[in-house]
A.B. asks: 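One structure is given below, represented as C-alpha cells, and several questions about it will come after.
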Amino acid sequence: MGGIVLGTNLDAQLLNIEAKPVGKATPDRYLATPPSTPGHALVVDWLPWMEPSAAVADRISRSSGLLADVQRPELLFLPCTGYLEEFATRHDKVRYALAYRLLQDPITVATTTACIPGTPNLKVHSLRQLLQPKQNVLSPPLDARLDIARKLCRAMVLYHSSGWVHHDFRSHNILFIQPSPVTTEITSRTTYPSITTYQGVRIDQPFIVGFGHARDEADMSTAFHDKKSISHTLAQQRLYWSPSYLASSGQMRRAEPFQRKHDVYSLGCVLLEIGA
C-alpha cells in the first residue's frame, strides 16, 4: 500500500464515548459521536493496558494512517478517523484505541429507537452475535453465508498483499451496520427476500475491524504485559490462533512473528463458524 501516513492522535475528551460497551463479548468496544460532526458515529476499539512503548505507539499510528483513506471497498475496511491514547492515573500503564467511522454523511431518517445518540436507527452487530444460536430463529441462508465467506477471503488476500497481517481476525471483529429500518425478514429456509437481511440487519456488507494488533509481517509480535486486564480478550483470541503460534502452557505465546499463515488459520476458524 505504499508509504504509510501516520494517523491522527484524537482527544478522547472531545468524543462522546458511550459509558457502556457495545456488548458483553466485546467489553473494549464502544460507540461514540464527535460533537463537531453531529450525525456521524464512531466505533472505538480499545487495546488492553500495557507498559508504555514507543514501538507500540508508532505501530498504532501507522495502522491508523494505513486505514484512513483506503479506496478499495473489497478490502471491507471502515475508514479510521484516528487513534486514542490513554494513560492510567495510578500505575504506569497506557492503552490505545482505533476509531473507525461508521457514517460519512449525517443520517436524516426519522428515529424510532436511537441506538447511538445523534445517529437514529443505527445499529452495529458483530458476525459472532449474528451466528449465535437462538431459540426458534433460523440460521442465515446458505447463499448469504457463502457470500460473506467469499468477501472475507478476498479481503484477506488483498490485505496480505500489502505485507501486513491482521493478528486479531475473529468473528467478533467483523461488523454489520444497520443504518435504517429493515422491513423484510428471513422467515423460511426455502424462501427469503432478495435483499440479504437477517434478524433485521443487512448482512451483505461485512466490515473488518480489530486492527489494533495489525503489523508488518516482518515485525515481532508484542507480548501482553498485564494478564489480568487482557484475560477476556486473550481468551477470545486464543480460539482463533494457530496451535503453532501458541505456547504449550497457559496464556504464554512464543516469541515469533505473527505471519500470514496464522491469519489464514484464523480465517479458517471464522469460515467454520459461518458454515456451521
A.B. asks: Enter the distance from Tyr198:OH to Asp204:CG here, rounded to the nearest 0.5 Å.
C.D. replies: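 It is 15.5 Å, given to the nearest 0.5 Å.
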A.B. asks: Could you state the interatomic distance from OG (Ser171) to CD1 (Ile148), rounded to the nearest 0.5 Å?
C.D. replies: 11.5 Å
A.B. asks: Minimum heavy-atom separation for Ser64 to Gly82, with atom names?
C.D. replies: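 Looks like OG-CA, 3.3 Å.
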A.B. asks: side-chain contact (heavy atoms from CB on, under 4.5 Å) between Leu267 and Cys153: does it pass, once the steps are laid out?
C.D. replies: CA-CA 8 Å; Leu267 171 62; Cys153 290; 4.0 Å; yes
A.B. asks: Would you say that Val94 contacts Glu86 through its side chain, given a criterion of any heavy-atom pair below 4.5 Å between the two side chains?
C.D. replies: no
A.B. asks: When you measure from the side chain of Gln129 to the backbone of Ser126, do you find a donor-acceptor pair of N or O atoms at a distance under 3.5 Å?
C.D. replies: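 Yes; judged by distance alone, with no hydrogens or angles, the pair exists.
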A.B. asks: With a 4.5 Å limit on heavy-atom distance, are the side chains of Thr81 and Thr8 in contact?
C.D. replies: no
A.B. asks: Are Arg72 and Glu74 close enough for a salt bridge, meaning some N to O gap below 4.0 Å?
C.D. replies: yes
A.B. asks: Could you grab the distance from atom CG of Leu15 to atom CG of Leu84, nearest 0.5 Å is fine?
C.D. replies: 5.5 Å
A.B. asks: Using the ring centroid of each side chain, check whether His125 and Phe176 are separated by less than 6.0 Å.
C.D. replies: no
A.B. asks: Sequence neighbours excluded, which residues qualify as ring-ring contact (aromatic ring centres under 6.0 Å, His included) partners of Phe211?
C.D. replies: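 By the ring-ring contact (aromatic ring centres under 6.0 Å, His included) rule, Phe211 matches Phe77, Tyr159, His166.
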A.B. asks: For Leu158, is there any backbone N or O sitting under 3.5 Å from a side-chain donor or acceptor partner on Ser161?
C.D. replies: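 Yes: the side chain of Ser161 pairs with the backbone of Leu158.
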A.B. asks: Can you list the steps and then say if Phe87 with Lys93 is a side-chain contact (heavy atoms from CB on, under 4.5 Å)?
C.D. replies: CA-CA 6 Å; Phe87 292 91; Lys93 295 289 176 64; over 6 Å; no
A.B. asks: Under 3.5 Å, is there a donor on one side chain and an acceptor on the other for Tyr96 and Glu85?
C.D. replies: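 Yes - a donor-acceptor pair under 3.5 Å links their side chains.
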A.B. asks: Roughly how far, to the nearest 0.5 Å, is CH2 of Trp164 from NE2 of His160?
C.D. replies: 12.5 Å
A.B. asks: Using the side-chain contact (heavy atoms from CB on, under 4.5 Å) rule, take Gln205 and Leu76 through it: C-alpha gap first, then chi angles, then the decisive distance, then the call.
C.D. replies: CA-CA 8 Å; Gln205 181 56 75; Leu76 309 182; 3.7 Å; yes
A.B. asks: Would you say that His213 contacts Phe258 through its side chain, given a criterion of any heavy-atom pair below 4.5 Å between the two side chains?
C.D. replies: no
A.B. asks: Can you see which heavy atom on Ala99 is nearest to which on Leu10, and at what distance?
C.D. replies: CB-CD1, 3.9 Å
A.B. asks: Hey, are Glu273 and Tyr240 close enough side-chain-wise for a donor-acceptor pair under 3.5 Å?
C.D. replies: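 Note: Tyr240 and Glu273 side chains meet the donor-acceptor criterion.
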A.B. asks: For Tyr83 and Ala57, indicate whether the former's side chain and the latter's backbone hold a donor-acceptor pair under 3.5 Å.
C.D. replies: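 Here the side-chain-to-backbone pair does not exist.
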A.B. asks: Would you please test Asn173 and Arg29 for side-chain contact (heavy atoms from CB on, under 4.5 Å) and show each step?
C.D. replies: CA-CA 10 Å; Asn173 287 333; Arg29 176 171 296 153; 2.6 Å; yes
A.B. asks: Any side-chain heavy-atom pair from Ile203 and Pro140 closer than 4.5 angstrom?
C.D. replies: yes
A.B. asks: Quick one: pull up CG in Leu127 and CD1 in Ile274 and give me the separation to the nearest 0.5 Å.
C.D. replies: 5.0 Å
A.B. asks: For the residue pair Val44 and Ala97, what are the closest heavy atoms and their distance?
C.D. replies: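 Residues Val44 and Ala97, closest heavy atoms: CG1-CB, 3.7 Å.
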A.B. asks: Is the backbone N or O of His262 less than 3.5 Å from a side-chain atom of Ser266, with the two atoms forming a donor-acceptor pair by type?
C.D. replies: yes
A.B. asks: Using 0.5 Å steps for rounding, measure from the CZ atom of Arg95 to the CE atom of Met50.
C.D. replies: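 Here the interatomic distance stands at 10.5 Å.
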A.B. asks: Honestly curious: do Val209 and Leu239 fall in one hydrophobic cluster under the side-chain, below-4.5 Å linking rule?
C.D. replies: yes
A.B. asks: Do the side chains of Phe169 and Val264 join up, straight or via other hydrophobic residues, at under 4.5 Å, putting them in one cluster?
C.D. replies: no
A.B. asks: Looking at Arg170 and Asp168, does any basic side-chain N land under 4.0 Å from a carboxylate oxygen?
C.D. replies: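 A salt bridge is present here (some side-chain N lies under 4.0 Å from a carboxylate O).
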A.B. asks: Do Tyr100 and Leu67 touch side chain to side chain, with heavy atoms closer than 4.5 Å?
C.D. replies: yes
